[in-house]
Protein chains: 2
Amino acid sequence: MRIGELAKATGLSASRVRFYEKHGILPPPERRANGYRDYPASAIAILQFIDQGQALGFTLAELRAALSTGDEQMPARADMIDGLRRKQAELESHIETAIARRAQIIELIAELTSCEPS
Amino acid sequence: MRIGELAKATGLSASRVRFYEKHGILPPPERRANGYRDYPASAIAILQFIDQGQALGFTLAELRAALSTGDEQMPARADMIDGLRRKQAELESHIETAIARRAQIIELIAELTSCEPS
DNA sequence: CTTGACCTTAAACCTAGGTCGAAGGTTTAT
DNA sequence: ATAAACCTTCGACCTAGGTTTAAGGTCAAG
């Protein structure tokens, strides 16, 4: 599978795929005689994992760590669970902060709309 | 008031204050004979407004717009309210997304901790 | 009179997560 | 045979919101 096909299969851009490889997140694939990258089908799953991880708020550094500590193909379970718990805690506080901000904004709107309507 | 005093009074760094001025968010102050910036006391309130705005999730571009449309000193009320409503809507969807992510993470943790505990 | 704390500027650097372009090689279709 | 659509690398660029550094001017105290 060439990089363009992989890109289409995952919905990522080819440059993103190269970027992940350059930064040690996606393992470098075999090369064809002409120098083209030749991906195994499993690359799709890895990229989907990365993309989902990003959507869940993991940084690329975290994803690299998760993917590199795996014995074979899958990231080590214990490390994943640790990472997930940390992320959960982060999200909890993030949500709280956002809710507090919303309350502040609502309050500000109320102040501005109620008093001294010039 | 020199920039260092203003920085101390607001808790911001002097470089941040210069940065805001350079980017058209904080109006440039008078200069003393020696070239030092000389701030009026009102600069404190403006910087606090900016800092709070940042904490509420406004970008500097939004804050610049809000501060520049003001007739005299205070940002125009209508623009502020519009901005606040947009921010509120953004925050609502942001909070929803974060909550959905948390649910996904919790589910993932459950999957990983329950099945095939190698 | 000199030391140290303060101020000035412009430009370079930083993180994160990429995108874009140049310059060139390859493959496929017509 | 030639054009379109791939692929390669490398380095520059982008956003956002700043910090750091270099090179220098100023001010108050001892």
Side-chain angles (χ1 to χ4, degrees), chain A residues 1-40 43 46-67 83 86-87 90 94 97 101, chain B residues 1-40 43 46-68 83 87 90 94 97 101:
Chain A
M1 193 182 225
R2 283 172 313 170
I3 197 169
E5 301 172 292
L6 180 59
K8 229 160 244 156
T10 57
L12 281 63
S13 66
S15 56
R16 238 178 111 183
V17 175
R18 289 194 202 95
F19 177 85
Y20 289 153
E21 178 184 331
K22 194 169 90 180
H23 289 73
I25 297 149
L26 182 67
E30 300 292 305
R31 297 295 184 127
R32 293 189 183 167
N34 57 16
Y36 287 15
R37 288 172 178 79
D38 198 4
Y39 290 97
I46 298 178
L47 283 180
Q48 283 171 344
F49 175 82
I50 294 170
D51 200 39
Q52 276 186 27
Q54 284 270 72
L56 290 171
F58 289 89
T59 66
L60 292 184
E62 290 169 326
L63 293 171
R64 177 174 46 238
L67 285 163
R86 269 188 286 107
K87 258 321 163 199
E90 274 179 39
H94 185 79
T97 308
R101 279 184 192 170
Chain B
M1 194 182 223
R2 283 171 311 170
I3 195 168
E5 300 171 292
L6 179 59
K8 229 160 243 157
T10 57
L12 281 64
S13 66
S15 56
R16 239 178 113 183
V17 176
R18 288 195 202 96
F19 177 85
Y20 289 153
E21 179 184 330
K22 194 169 88 179
H23 288 73
I25 298 151
L26 182 66
E30 300 291 305
R31 297 295 184 125
R32 293 188 184 170
N34 56 17
Y36 287 16
R37 288 173 179 80
D38 197 4
Y39 289 97
I46 297 178
L47 284 179
Q48 283 170 345
F49 175 82
I50 294 170
D51 200 38
Q52 276 186 27
Q54 284 269 74
L56 289 172
F58 289 89
T59 66
L60 293 185
E62 290 169 327
L63 293 172
R64 177 174 47 236
L67 286 163
S68 67
K87 260 318 165 202
E90 273 178 40
H94 185 80
T97 308
R101 279 183 191 171

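Residue numbers begin at 1 in each chain, while the letters A, B, ... track the order of the sequences. Since the structure is predicted, the reported quantities are computational estimates derived from the model, not experimental observations.
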Calculate the interatomic distance between B:Asp38 atom CG and C:dC6 atom P; express it in whole Å.
17 Å
Of the listed D:dT8, C:dC6, C:dG17, the closest approach to the A:Ile3 side chain comes from D:dT8
Interatomic distance, A:Glu5 CD vs C:dT27 P [rounded to whole Å]:
14 Å
May I ask you to say what A:Arg32 touches in the nucleic acid, namely base, sugar-phosphate or nothing, with a heavy-atom cut-off under 4.0 Å?
nothing
Whole Å only: how far is the CG atom of B:Leu12 from the P atom of D:dG17?
14 Å
Go nucleotide by nucleotide along DNA chain D from the 5' end; which of B:Ala33 and B:Leu60 gets its closest nucleotide reached first?
B:Leu60
Backbone of B:Phe19 reached by a side-chain donor or acceptor of B:His23 within 3.5 Å:
yes
Does A:Arg37 use its side chain to pair, donor to acceptor, with the backbone of A:Pro28 at less than 3.5 Å?
no
Closest approach of B:Glu21 and B:Pro29, non-hydrogen atoms and distance?
OE1-CD, 3.5 Å
A:His23 NE2 - C:dT19 P separation (whole Å):
12 Å
Looking at the side chain of A:Tyr36, which of C:dT8, D:dT19, D:dC7 is the nearest nucleotide?
D:dC7
Just how far, in rounded Å, is P of D:dC6 from CE of A:Met1?
15 Å
Considering just the side-chain nitrogens and oxygens of A:Gln54, establish if one lies under 4.0 Å of OP1 or OP2 belonging to C:dG18.
yes
Starting at CD of B:Glu21 and ending at C1' of C:dT8, how long is that distance when rounded to a whole Å?
12 Å
Length of the CZ-P vector between A:Phe19 and D:dC14, whole Å:
17 Å
Under 4.0 Å between a side-chain N or O of B:Arg37 and OP1 or OP2 of C:dC7?
no
Tell me whether the side-chain N/O atoms of A:Arg31 come closer than 4.0 Å to OP1 or OP2 in D:dT9.
yes
So, OP1 or OP2 of C:dG17: does either fall under 4.0 Å of a side-chain N or O from A:Thr59?
no
Separation of atom NZ in B:Lys22 from atom P in C:dA11, rounded to whole Å:
9 Å
Choose from C:dT9, D:dT20, D:dC27 the nucleotide whose nearest atom is closest to any side-chain atom of B:Ser15.
D:dT20
Choose from D:dT19, C:dG18, D:dC6 the nucleotide whose nearest atom is closest to any side-chain atom of A:Lys8.
D:dC6
Please confirm whether the shortest side-chain N or O distance from B:Ser13 to OP1 or OP2 of D:dG18 is below 4.0 Å.
no
Checking all strands, does B:Arg18 fall into the base, sugar-phosphate, or nothing category for heavy-atom contacts under 4.0 angstrom?
base
Kindly give the heavy-atom pair with the smallest separation between A:Ala14 and A:Ala7, and that separation in Å.
N-CB, 3.8 Å
With a 4.0 Å cut-off, would you call A:Glu5 and A:Lys8 a salt bridge?
no
Between the side-chain atoms of A:Tyr20 and the base atoms of C:dG18, is any donor-acceptor pair under 3.5 Å?
no
For the side chain of A:Asp38 and the backbone of A:Met1, is there at least one donor-acceptor N/O pair under 3.5 Å apart?
yes
Ignoring backbone atoms, test whether A:Asn34 places a side-chain nitrogen or oxygen under 4.0 Å from the OP1 or OP2 oxygen of C:dG25.
no
